[in-house]
Asks: 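Dumping the structure here so I can ask a few things about it.
Just so we're on the same page: letters track the sequence lines, and every chain starts at 1.
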There are 2 protein chains.
Amino acid sequence: MHEPDTIDIAILKTLQNEGRISNAALAERVGLSASACSRRLDILEKSGVIKGYHARLSHKALNYRMIAIVHISLSGQFAKTLTEFEAAVKRCPNVLVCYLMSGEYDYILRVAARDLEDYERIHRDWLSALPHVVKINSSFALREIIDRPNVGMG
Amino acid sequence: MHEPDTIDIAILKTLQNEGRISNAALAERVGLSASACSRRLDILEKSGVIKGYHARLSHKALNYRMIAIVHISLSGQFAKTLTEFEAAVKRCPNVLVCYLMSGEYDYILRVAARDLEDYERIHRDWLSALPHVVKINSSFALREIIDRPNVGMG
DNA sequence: CGTGAAAGGGTTCACTC
DNA sequence: GAGTGAACCCTTTCACG
């Protein structure tokens, strides 16, 4: 698993923003022949640098208009407690992001809901039902300022 | 902008997980001819339901090993204050996500850094330099449990 | 590691129902 | 709205530099 060179970086940058660009166009963009570009792309995919390609959908168009940030504390940090919590949280389709955190709260979640009523249902049926939870704190996004798929590269 | 029907939903679901699938394979998957599928995809893209296609890169492979969640409070909620803050935060390439929030803090950010030293630099040069900030609270992700590109669809 | 050519497959029309 | 066929373009692989 070698370090990506300048051309690899150019390929990755392009694919970050235009994930469905054709190999031929990508090759031209980064100054390679189509075959050379195809081979490099193959290597980048197989090495795990590229984890996948995804269409980003408009939450609004799909009638998901609310984003909640949920802070959660558990009753302890035992391995079994965490494992059980994590297995349960993965089952909730509305949870977009979940991190185990240092600091005041154990987990931070980003949750998508259609509206306040939908969030109430998710909170009742999913979040409150998660095992070992002792504190849940929801706050709501008023506006999305930034949502980048990846970190910018130099 | 008509409501997506069952076939549109199938197209969107597939592209969420396989953003680089060929139109021909997509058509077969959803039970359409290639031309019909291509036409629908065109409509979905132009209507804004599909906001873009992105390669998801391994932060680890690119040596971004740290994720920080940053809570920020401003000195007021005047429109000018928010606008100036948001213009400044958009300039920081390490900020992956930024929401204007209800509740205790005004903004929540997700920030990527290579390591603790890198985060110290970002905090000093970017976050502390943001205008109108009166409180910054960083916590760090110990582990990523979930990172879905989109909300699950029925 | 890059090139060019060739075969196979994909995309996009106009046209039709 | 959906399918068909044909022209054109793209992808992939191979031998070679």
Asks: In whole angstrom, give the distance that lies between atom CD1 of A/I21 and atom P of D/dT11.
Replies: 9 Å
Asks: Between D/dT11 atom C1' and A/R40 atom CZ, what is the distance in whole Å?
Replies: 18 Å
Asks: Under 3.5 Å, is there an N or O donor on one side and an acceptor on the other linking the side chain of A/S22 and the base of D/dT11?
Replies: no
Asks: In terms of side-chain heavy atoms of A/A24, which of D/dT11, D/dT4, D/dT13 is nearest?
Replies: D/dT11
Asks: How many whole angstroms separate atom CG of B/L41 from atom C1' of D/dA2?
Replies: 16 Å
Asks: With heavy atoms under 4.0 Å as the rule, sort B/S35 into base, sugar-phosphate or nothing.
Replies: base
Asks: Would you kindly give the CZ-to-C1' distance between B/R39 and D/dA2, to the nearest whole Å?
Replies: 6 Å
Asks: For the CD atom on B/E120, are there more than 12 heavy atoms of other groups (residues, nucleotides or ligands in this structure) within a distance under 6.0 Å?
Replies: yes
Asks: For B/E144, does the CD atom have more than 12 heavy-atom neighbours from other residues, nucleotides or ligands under 6.0 Å away?
Replies: yes
Asks: Report the distance from atom CD1 of B/I11 to atom P of D/dA2, rounded to the nearest whole Å.
Replies: 9 Å
Asks: If only side-chain N and O atoms count, and only distance matters, is there a donor-acceptor pair under 3.5 Å linking B/R114 with B/Y119?
Replies: no
Asks: Write down the distance between CG (A/D42) and C1' (D/dT12), rounded to a whole number of angstrom.
Replies: 10 Å
Asks: Do you see a donor-acceptor pair shorter than 3.5 Å between the side chains of B/Y53 and A/Q16?
Replies: no
Asks: For the pair made of CG in B/D5 and C1' in D/dG1, what is the distance, rounded to whole Å?
Replies: 10 Å
Asks: Any donor-acceptor pair under 3.5 Å linking the side-chain atoms of B/H59 with those of B/R65?
Replies: no
Asks: One thing to verify: whether A/R39 and A/D42 come together as a salt bridge, which I'm taking to mean a side-chain N less than 4.0 angstrom from a carboxylate O.
Replies: no
Asks: Nucleotide range of DNA chain C contacted by chain A, 5' to 3', under 4.0 Å to a heavy atom?
Replies: C/dG2 to C/dG4
